Number of protein chains: 2
Amino acid sequence: MKIMIVEDDLTIRDMVGETLEKWGFETVKIEEFDQIMQVFLNHDPHLVIMDINLPSFDGFYWCNKIREISKVPMIFLSSRDTPMDIVMSMNMGGDDYIQKPFYMDVLIAKMNALLRRTYSYLETHSKTMEHDGIVLNLDDGEVLHGDQKSDLTKTEFLILKILMQNKGTIVNRRKMMRSLWKDENFVDENTLTVNIARLRKKLGELGKEYFITTKKGQGYIIQ
Amino acid sequence: MKIMIVEDDLTIRDMVGETLEKWGFETVKIEEFDQIMQVFLNHDPHLVIMDINLPSFDGFYWCNKIREISKVPMIFLSSRDTPMDIVMSMNMGGDDYIQKPFYMDVLIAKMNALLRRTYSYLETHSKTMEHDGIVLNLDDGEVLHGDQKSDLTKTEFLILKILMQNKGTIVNRRKMMRSLWKDENFVDENTLTVNIARLRKKLGELGKEYFITTKKGQGYIIQ
DNA sequence: AGGAAACCTTAATATAAACTTACAGCTTGA
DNA sequence: TCAAGCTGTAAGTTTATATTAAGGTTTCCT
């Protein structure tokens, strides 16, 4: 996700930019405030962080200019603190308003919420677990390895999920069975073995034959 | 626009409700806090205002419950004031956070911004959903594929809409039934199967026989 | 090394989830 | 008021997946 930062205070600009990059965002920082529109058009960012107090024209002005051509999500920053400033920001076409000084955690959280709302399709691609090249998609019950994929059944999926949640520690068979079937008394010991085997076979087809290790007498583990 | 208000403080509830109505919103106020889900399902509001401190379960809990079946815009209210509360609210699936006491102007402005962002399709007149060549018209319940079309019944339409809204993720049968019939206890399990079959038949006639995939034991999915 | 417990493999069988088809009660509108 | 279409129910069938069973390995301990 590409974020455009429009902020004239160098300290804040750098701090915000750095933190966002640490979080995996791509950033575009404005340094020449008369070229905001060019930069916006060239980079086509997914979200804009806009300070209100700027040299020459203010943030509202630029928001207006941008809104003429785009519905990009926009969060205003400002040290002003009257309700009128918030109301203004929203009415000018902004999506949120954060008062300075602010916590970066809050900015990130608000950005994520807004991005989720705007680009909701991205949400579905984010609920996954990963380990050593194997990606387990929690939404559609698929495992991926590189460009290969395989469908898991309900039980296989649960087993893999439990093992990945506990990666690095041994999960013993009894515990596993209790999670899978609640009353372990009524299902055969061997049922788990067979399910593990099926899961291993599918992982093997993805080239990860030894993803799950047996610890004899103790249980299974993903290392 | 219909707004659901979940707030146990009677003074605030009435004040908010009155003001919203003065602004032309339709309001639904929760009075029995164990019936939030029923009310939500029955009214299907466009936005939810959610207090965090509630009797028995808190606002985060109900947010989670609602998020299992809906992406409705949600604004949290709370008198707590640490940055962590804001971050929590966003991470739980909220869109915004307003600290009490607040100005009604601010609430209204934030609501409007969020509604504008969420329902922007209303402005652009593109009341359709599209995926993989299938276009669902939200106005008249028609599906299009290329130059072919087919009329859907109410139930078929809802099923397809729910699946398309959640494309890429498995929607389990129970959740589906809860959305379709509110009180799942009174309709047969098989009714859903039959409706899915009828919908599939129509999609099949448009040449999209395998648009909806069954994940046995898990639910249905559009990939 | 030898034996036993723990685990694996394969294939047959059972089971419950989902599908199909047919039908009857309702609505709706001509 | 009667036909047409929507909707849910029922009964019987299919099918994906879980389970059982039987015989084969591996591992580890004495």
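Computed from a predicted structure; not experimentally measured. Chain identifiers are assigned alphabetically (A, B, ...) following the order of the sequence lines, protein sequences preceding nucleic acid strands; residue numbering begins at 1 within each chain.
One interatomic measurement links the two molecules: OH of Tyr210(A) to P of dT26(D), which rounds to 12 Å at whole-angstrom precision. Here dT17(D) presents its C1' atom at 11 Å from CD of Gln218(B), a figure rounded to the nearest Å. As rounded to whole Å, 9 Å separates atom C1' of dT17(D) from atom CG of Asn195(A). One interatomic measurement links the two molecules: CE of Met176(A) to C1' of dA6(C), which rounds to 16 Å at whole-angstrom precision. Between the P atom of dA6(C) and the CZ atom of Arg173(A) lies a distance of 10 Å, rounded to the nearest Å. In this entry the distance linking CD of Glu156(A) with P of dT19(D) reads 12 Å, nearest Å. The distance between atom CG of Asp188(B) and atom P of dA22(C), rounded to the nearest whole Å, is 19 Å. Rounded to whole angstrom, the span from the CH2 atom of Trp181(B) across to the P atom of dT9(D) amounts to 9 Å.
Between Tyr220(B) and dA17(C) there is no side-chain N or O to OP1 or OP2 distance below 4.0 Å. Between Thr153(A) and dA18(D) there is a side-chain N or O to OP1 or OP2 distance below 4.0 Å. Between Thr155(A) and dA18(D) there is a side-chain polar atom (N or O) within less than 4.0 angstrom of OP1 or OP2. Within the structure, every side-chain polar atom (N or O) of Thr214(B) is placed at least 4.0 Å from both OP1 and OP2 of dA16(D). Here Arg200(B) reaches the OP1 or OP2 of dC19(C): one of its side-chain N or O atoms lies under 4.0 Å away.
The salt bridge (Lys or Arg N to Asp or Glu O under 4.0 Å) analysis of residues 142-158 of chain A, with sequence neighbours excluded, yields the pairs Glu142(A)-Lys149(A), Asp151(A)-Lys215(B), Glu156(A)-Arg198(A), Glu156(A)-Lys202(A).
Using a cut-off of 4.0 Å between Lys/Arg side-chain N and Asp/Glu carboxylate O, Glu205(B) and Arg200(B) are scored as not salt-bridged. A salt bridge does not link Lys2(B) to Asp44(B): none of the charged side-chain nitrogens sits closer than 4.0 Å to a carboxylate oxygen. The residues Asp95(B) and Arg67(B) are annotated as salt-bridged, a charged nitrogen and a carboxylate oxygen being separated by less than 4.0 angstrom.
Residue-level contact check: Arg198(B) touches the bases, meaning some heavy atom is under 4.0 Å from a base atom. Among the heavy atoms of the strands, none lies under 4.0 Å from Phe157(B). Nucleic acid contact class of Thr193(A) (heavy atoms, under 4.0 Å, all strands): base. Among the atoms of the strands shown, base atoms are found under 4.0 Å from some heavy atom of Thr191(B).
When each of Val194(B) and Gly217(B) is assigned the nucleotide of DNA chain C with its nearest heavy atom, Gly217(B) is the one assigned upstream, toward the 5' end.
A donor N or O paired with an acceptor N or O is found under 3.5 Å between the base of dT20(C) and the side-chain atoms of Asn190(B). No hydrogens or angles were tested; on distance alone, a donor-acceptor pair under 3.5 Å links the side chain of Lys216(A) to the base of dT26(D).
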For this session: With ring pair (Phe, Tyr, Trp, His ring centres under 6.0 Å) as the test, would you mind laying out the steps for Phe76(B) and Phe60(B) before giving the verdict?
Result: CA-CA 9 Å; Phe76(B) 280 107; Phe60(B) 293 144; 5.3 Å; yes

